[in-house]
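Read through the structure below, which is laid out as structure tokens, and then see the notes.
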Amino acid sequence: MLITRTSDDQIIIKVSPDVDRFGLQRALDYLKFLETTAGGKATQAEADAIAEKVNSSWWKKNKKRFVK
């Protein structure tokens, strides 16, 4: 993994293509959550709503992997 900060205050994260897509998607969802709530502009209720949406979306995409 390589993490680089650009001159315009962005962070680039490079990972191996062998990384599990499931785990990577969960990490990206968490980063999206952090970005959305950065600066304290979001309320806890808004953060909870985002988390619920992410979890609901994940379950819809992955339910068939767990329920047979």
To the nearest 0.5 Å, what is the distance between [atom1] ([X]) and [atom2] ([Y])?
X: Leu34; Y: Asp29; atom1: CG; atom2: CG; answer: 11.0 Å
X: Arg26; Y: Leu31; atom1: CZ; atom2: CG; answer: 12.5 Å
X: Thr4; Y: Gln10; atom1: OG1; atom2: CD; answer: 12.0 Å
X: Ile3; Y: Ile12; atom1: CD1; atom2: CD1; answer: 11.5 Å

Determine whether more than 12 heavy atoms belonging to other residues, nucleotides or ligands lie under 6.0 Å from atom CZ of Arg65.
-> yes
Side chain to side chain donor-acceptor pair (under 3.5 Å) involving Thr6 - partner list, sequence neighbours excluded = Asp8
Chi angles and distances behind the side-chain contact (heavy atoms from CB on, under 4.5 Å) call for Ser57, Lys53 = CA-CA 6 Å; Ser57 174; Lys53 183 177 179 181; 5.5 Å; no
Members sharing Phe22's hydrophobic cluster (side chains within less than 4.5 Å) | Trp58, Trp59, Phe66, Val67
For Leu2, the rest of its hydrophobic cluster, which grows through side-chain links under 4.5 angstrom | none
Locate the shortest heavy-atom distance separating Thr43 from Glu46; write the atom from each residue and the value.
-> N-OE1, 2.7 Å
